[in-house]
Amino acid sequence: MMEYTDRPKHSIPRPTREGQGGGSLVNKNFLNLAESYLFTEIARKVGTYKEEHPKADIISLGIGDVTQPLAPAVIGALHKATDELASAASFRGYGPERGYDFLRDAIVAHDFQARGIDIAADEVFVSDGAKSDTGNFQELLSAKCVVAVTDPVYPVYIDANMMTGREIVKLPCTAENGFVPELPARHVDVVYLCYPNNPTGTTLSLEQLKSWVDYANREKALIFYDAAYEAYIQSEGVPHSIYEIPGASRCAVEFHSYSKTAGFTGIRCGYTVVPNALPVPFNKLWNRRQSTKFNGTSYLAQRAAEATYTPEGKNQIQATIAYYMANARLMREALTGMGFKVYGGIDAPYLWVGTPGGMSSWEFFDWMLQSAHVVCTPGAGFGDRGEGFVRLTAFGTHENTEKALYRIDSKL
Ligand code: PLP
């Protein structure tokens, strides 16, 4: 069982006494953070290349943002809710702290009860997205808790915990272990799991997830389960929620997002499930934390999210997911045909592609940009175990995806 402890490589320069008013003002944990340079560095490299080659038609298969418009049912709900705000009789100001009942009831009915999962509305907290909640929930934990994350990983989990100065244990996810993290050899207090995974695009089976639930219940540990991409699962039997596993409501908090499910990256809405059965009253504590520091998701966003559960809304968002997953399929087939080692992309909008000929992930990024005019995300930006891979996303248009694949093939 392999693991290692985090040592940031690119820490932010420490303030000098003279220069920045004295280091004693600052939370020193922030100075230990690795500089968040991945997307900045990508933007810088792309910007420089464009300046030097103004005619280059660059296609981005890098960043994890969506491209397709919101579903008509969502747009209709937004218009209707906007009109309600235009008259005093139907105006809404501050909403209920945990979110409006209409949305929490729809979440419970469609995302849980429809799958045979027993979650109550008072266990659901509506939020402005999964980034805030996956980043903020750790505030409820002691600074002494040891936190495990996969490597590669969505960086928010690490950085949020480093801000509190917690020890981080990394669980390697490699081609050799099928990107399935092994249970830690030592006790950890919290484990972040994200499935379908960003960045590898891989999933856990029910059995694999069960071994984590059993571990957490045995070790009295918590699992923070990020289900931001569950709507992309196509295969039967892949768990959509950790609560499909018996005993999970005694150890797991689950984060959801409408960002990728329904194109809400700009609208902003998500939710977090904090079961009453957890051994510590985290439900009450999270309510306390949220009602102190968060004033709710907008009424418009919550009505928009509610519309994703109507029959039309469901069909429309499924059609958009099918559009992206057709890209993913095409990318998998084409890249595999070109001789690349390709992982993910079956139940997730991400493909994790091995770099050819021993190139580093940044070298391959440069080659893709300069030769094929395609932008990818270097795997090394997601952790040491991301070296040797790049992440491609299926969130482009069909046309751009086809064009990008053609160009990569013709430049090999
Ligand atoms: N969790 C994971 C794994 C993500 O990849 C992302 C966004 O890329 C988020 C959470 C954040 O989602 P949201 O837009 O809901 O904040």
Side-chain angles (χ1 to χ4, degrees), residues 6 29 33-34 36 38-39 64-65 98-99 107 111 123-143 145-166 168-171 173 181 188-201 203-204 209 212 216 221-232 239-243 248 251-261 264-265 267-275 278 282-283 285-287 289-290 293-294 297 301 305 348-350 381-383:
D6 192 44
N29 296 317
L33 290 173
S36 156
L38 177 63
F39 290 103
D65 203 353
R98 291 167 186 241
I107 288 167
D111 288 349
E123 296 172 307
V124 174
F125 293 81
V126 174
S127 72
D128 64 355
K131 186 175 197 172
S132 325
D133 283 10
T134 54
N136 291 332
F137 204 89
Q138 50 77 33
E139 285 182 20
L140 305 187
L141 305 174
S142 150
C145 284
V146 177
V147 172
V149 298
T150 60
D151 180 6
V153 71
Y154 176 56
V156 170
Y157 315 147
I158 295 187
D159 289 355
N161 279 285
M162 285 192 67
M163 287 171 186
T164 312
R166 288 195 188 92
I168 314 258
V169 170
K170 293 194 177 179
L171 309 168
C173 291
V188 298
D189 299 295
V190 182
V191 183
Y192 284 80
L193 295 176
C194 169
Y195 290 96
N197 186 257
N198 176 14
T200 64
T203 53
L204 289 188
L209 190 53
W212 279 100
L222 282 176
I223 298 176
F224 290 166
Y225 195 71
D226 188 341
Y229 297 96
E230 70 71 26
Y232 285 81
H240 287 251
S241 163
I242 196 166
Y243 304 118
C251 63
V253 171
E254 185 167 278
F255 304 94
H256 285 251
S257 167
Y258 297 94
S259 285
K260 308 299 158 66
T261 305
F264 278 40
T265 51
I267 296 272
R268 310 303 307 147
C269 193
Y271 67 88
T272 294
V273 181
V274 191
L278 291 171
F282 282 117
N283 183 294
L285 298 180
W286 184 238
N287 191 46
R289 189 270 176 206
Q290 288 296 79
K293 292 193 177 179
F294 180 63
T297 309
Y350 295 124
F382 299 99

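Lys170 is listed as a side-chain neighbour of Val149, based on a closest heavy-atom distance under 4.5 Å.
Residues passing the salt bridge (charged side-chain N to carboxylate O under 4.0 Å, His left out) test with Glu254: none are found, sequence neighbours excluded. Remark: Leu38 pairs with Ile42, Trp362, Thr377, Pro378, Phe382 by the side chain to side chain contact (heavy atoms under 4.5 Å, CB included) rule, at least two apart or across chains.
Counting only residues at least two apart or on different chains, the salt bridge (Lys or Arg N to Asp or Glu O under 4.0 Å) pairs with a member in residues 133-143 are Glu139-Arg289, Glu139-Lys293.
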Working for side chain to side chain donor-acceptor pair (under 3.5 Å), residues Asp226 and Thr134: CA-CA 8 Å; Asp226 188 341; Thr134 54; 4.8 Å; no

Tyr225 and Glu230: CA distance, side-chain angles, deciding distance, side-chain contact (heavy atoms from CB on, under 4.5 Å) verdict: CA-CA 11 Å; Tyr225 195 71; Glu230 70 71 26; over 6 Å; no

Worked verdict on Asp128 versus Phe294 for side-chain contact (heavy atoms from CB on, under 4.5 Å): CA-CA 9 Å; Asp128 64 355; Phe294 180 63; 3.9 Å; yes

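Using cut-offs of 30° and 60° on the angle between ring planes, the pair Trp286 and Phe125 is perpendicular.
Here Phe224 contributes atom CZ and Gln138 contributes atom CD; the two are 8.0 Å apart, rounded to the nearest 0.5 Å. Rounded to the nearest 0.5 Å, atoms CG (Leu209) and CD1 (Ile242) are 4.5 Å apart.
Minimum heavy-atom separation, Gly165 to Asn29: CA-OD1, 3.4 Å.
Side chain of Lys260 to main chain of Gly64: a donor-acceptor pair is present (N/O by atom type, distance under 3.5 Å, no hydrogens or angles).
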